[in-house]
Amino acid sequence: MAFEVKATIATFGGQLLKLSHESTSTKTPMAVSIYLPPAASTQKVPVLIFLSGLTCTPDNCSEKGFLAAAASKHGIAIIYPDTSPRGAGIAGEDEAYDFGTGAGFYVDATQAPWADNYNMYSYITSELPALFFGDAAPATNFSAKLDASRVSITGHSMGGHGALTLYLRNPGAYKSVSAFAPISNPSACPWGDKAFSGYLGADKEAWKAHDATHLVGSDVWKGKDLKALIDVGTGDNFYKQGQLLPENFEKAVKDAGVTGVTVRYQENYDHSYFFISTFAQDHVDHAAKYLL
Ligand SMILES: N[C@@H](CCC(=O)N[C@@H](CS)C(=O)NCC(=O)O)C(=O)O
C-alpha cells in the first residue's frame, strides 16, 4: 500500500515528511512521519524509530522532541509512528486518554472488540518495516534511502514500554534501545493493568510477554549486553505515582545478570517534552554508537 505525502517540511537541513496510508494491521488509515537527514539524499541512512506516549500523534515528538537536530548531524532517519488506530469505530474507544485511541500500548489485542484493529505490535514490527524498506510506491520509495539492516528503537512513557518490549522480543531486529520515562513494569502499574486487562484479557500470564521487567530475564531475550539507555525525571508525577517503576526493571536486569543498561535519574525533570528535548541528543548519540 502506498504512502500519501501530506506535508513536506524543511528542518535541521533535512525534511520531515508527514505520511498517511491504509493499514492492514489496524484496518484504518494511519498517520506516520519520517525525518530524512541531509545524508539521505546521497546514501542509505540508518533508522531510529521513536514510539510516542499516551495521547500522542506523530506530531508531538517531531515538533518538540528535537531529536532531528542530532539525527541530522549523524545522518540518521527518524520514524515517528502513531500510538493507536484512530476512528476504528469501536464503542468507547474515545472515552479515556489511557485506553483506546492514543493508547495502543504496542501490543496485538486478543480481546473483543479490540482485536480487529488494535494490533500496534504487528504494525510497528512488521507492517511499517515492509512499507518503509520495501517498494511502497515510486514517489515515496524510501527503500532507496533507508538501510533496513541498521535500525534502533526509542520511545517515551507508553512508547518507552514499547521500545523496550519490542527490542527484547525481537533479538537482532534493533541495534540498540533507549527510553524516556518508560512504563517499565506495566503488569504492576495502573496504566498497564487497565490496558493489558482490556487488550490481553484477565490472564496475567499473557501480560508477561509484553512487560520489559519480565522479558529481560526470560528465554525470549537471549543476549547479555542490552545496549540500553534510560532516562527518568525525579520530578515526573507519573514516576512518583508508581506508573513507571524503573527500579523494578533495574532489579530484573541485575537478577538476570544482564549488562549494558544505563538508567539515569534526572533531578527535577518532569514527564514532558521539556524533559525529552533536553536529553534528545544523548539518546540519538546512543543510537548512533550502534548504527554508524
Ligand atoms: N493527558 C494525560 C497525560 C498524558 C501524557 O502525559 N501523555 C504524555 C505521554 S505519556 C505526552 O507526551 N503527552 C503529549 C505532550 O506532552 O505533548 C493526563 O491528563 O494525565
Side-chain angles (χ1 to χ4, degrees), residues 1 3 19 21-34 46-53 56 58 61 76-86 88 102-111 114-136 142-143 146-179 182-184 186 192 195-196 199-200 206-212 214-216 218-223 226-228 287 290-291:
M1 190 66 69
F3 287 118
L19 309 169
H21 68 103
E22 290 296 326
S23 167
T24 51
S25 311
T26 67
K27 304 188 181 77
T28 61
M30 289 295 283
V32 55
S33 295
I34 183 167
V47 177
L48 179 61
I49 299 172
F50 181 94
L51 300 181
S52 294
C56 289
C61 188
I76 296 173
I78 307 174
I79 294 177
Y80 304 94
D82 206 345
T83 50
S84 76
R86 293 178 191 271
F105 268 84
Y106 307 102
V107 300
D108 286 349
T110 56
Q111 305 299 300
W114 309 100
D116 274 352
N117 308 97
Y118 279 69
N119 295 309
M120 291 302 289
Y121 179 82
S122 293
Y123 177 69
I124 305 290
T125 58
S126 301
E127 186 173 356
L128 273 190
L131 283 171
F132 277 110
F133 307 140
D135 296 322
F142 294 108
S143 61
L146 306 176
D147 184 346
S149 71
R150 289 183 292 156
V151 180
S152 281
I153 193 160
T154 183
H156 172 223
S157 195
M158 175 183 73
H161 141 75
L164 289 171
T165 55
L166 268 52
Y167 181 78
L168 289 165
R169 285 171 61 101
N170 297 280
Y174 309 103
K175 299 285 185 202
S176 64
V177 65
S178 77
I183 301 173
S184 307
F196 285 3
Y199 297 135
L200 304 176
W207 300 8
K208 291 183 178 171
H210 297 281
D211 185 319
H214 287 285
L215 282 168
V216 78
S218 76
D219 291 344
V220 179
W221 172 257
K222 295 181 179 61
L226 210 64
K227 302 182 175 71
Y290 303 101
L291 290 173

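Just so we're clear, the structure is a prediction, and the values are computed from it rather than from any experiment.
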Provide the closest heavy-atom pair for [X] versus [Y] in the form atom of the first, atom of the second, distance.
{"X": "Ser176", "Y": "Ala287", "answer": "OG-CA, 3.6 Å"}
{"X": "Ser84", "Y": "Gly104", "answer": "CB-N, 3.8 Å"}
{"X": "Val32", "Y": "Ile79", "answer": "CG2-CG2, 3.9 Å"}
{"X": "Pro85", "Y": "Asn117", "answer": "CG-O, 3.3 Å"}
{"X": "Ala163", "Y": "Ser178", "answer": "CB-O, 3.8 Å"}
{"X": "Pro182", "Y": "His161", "answer": "CB-N, 4.0 Å"}

Heavy-atom side-chain contact between [X] and [Y] under 4.5 Å:
{"X": "His21", "Y": "Leu131", "value": "yes"}
{"X": "Tyr123", "Y": "Asp108", "value": "no"}
{"X": "Thr154", "Y": "Ile49", "value": "no"}
{"X": "Arg169", "Y": "Leu215", "value": "yes"}
{"X": "Thr165", "Y": "Asp211", "value": "no"}
{"X": "Leu19", "Y": "Phe132", "value": "yes"}
{"X": "Leu164", "Y": "Val177", "value": "yes"}

With no hydrogens and no angle check, do the side chains of Ser122 and Glu127 hold a donor and an acceptor under 3.5 Å apart? no

Got a sec, which residues hit side chain to side chain contact (heavy atoms under 4.5 Å, CB included) with Asp147, two or more places apart in sequence or on another chain? Lys44, Ser149, Arg150

Report the distance from atom [atom1] of [X] to atom [atom2] of [Y], rounding to the nearest 0.5 Å.
{"X": "Asn119", "Y": "Thr125", "atom1": "CG", "atom2": "OG1", "answer": "10.0 Å"}
{"X": "Ile183", "Y": "Ser157", "atom1": "CD1", "atom2": "OG", "answer": "4.5 Å"}
{"X": "Lys175", "Y": "Ser152", "atom1": "NZ", "atom2": "OG", "answer": "8.5 Å"}
{"X": "Leu51", "Y": "Leu166", "atom1": "CG", "atom2": "CG", "answer": "6.5 Å"}
{"X": "Ser25", "Y": "Asp116", "atom1": "OG", "atom2": "CG", "answer": "12.5 Å"}
{"X": "Cys61", "Y": "Phe50", "atom1": "SG", "atom2": "CZ", "answer": "3.5 Å"}

For Thr110 and Tyr199, run side-chain contact (heavy atoms from CB on, under 4.5 Å): C-alpha distance rounded to whole Å, both residues' side-chain angles, the deciding distance at 0.1 Å, then the answer. CA-CA 6 Å; Thr110 56; Tyr199 297 135; over 6 Å; no

Are [X] and [Y], when compared by the centres of their aromatic rings, separated by less than 6.0 Å?
{"X": "Phe105", "Y": "Tyr118", "result": "no"}
{"X": "Tyr290", "Y": "Tyr174", "result": "no"}
{"X": "His156", "Y": "Tyr80", "result": "no"}
{"X": "Tyr121", "Y": "Tyr106", "result": "no"}

I'd like to know whether His210 forms a side-chain contact (heavy atoms from CB on, under 4.5 Å) with Phe196, so could you lay out the CA-CA distance, the side-chain angles of the two residues, the decisive distance to 0.1 Å, and finally the verdict. CA-CA 9 Å; His210 297 281; Phe196 285 3; 3.8 Å; yes

Residue pair Leu291, Ile76: steps toward the side-chain contact (heavy atoms from CB on, under 4.5 Å) verdict: CA-CA 8 Å; Leu291 290 173; Ile76 296 173; 4.1 Å; yes

Going by the rule salt bridge (charged side-chain N to carboxylate O under 4.0 Å, His left out), which residues pair with Asp82 if we only count those two or more places apart in sequence or in a different chain? Arg86

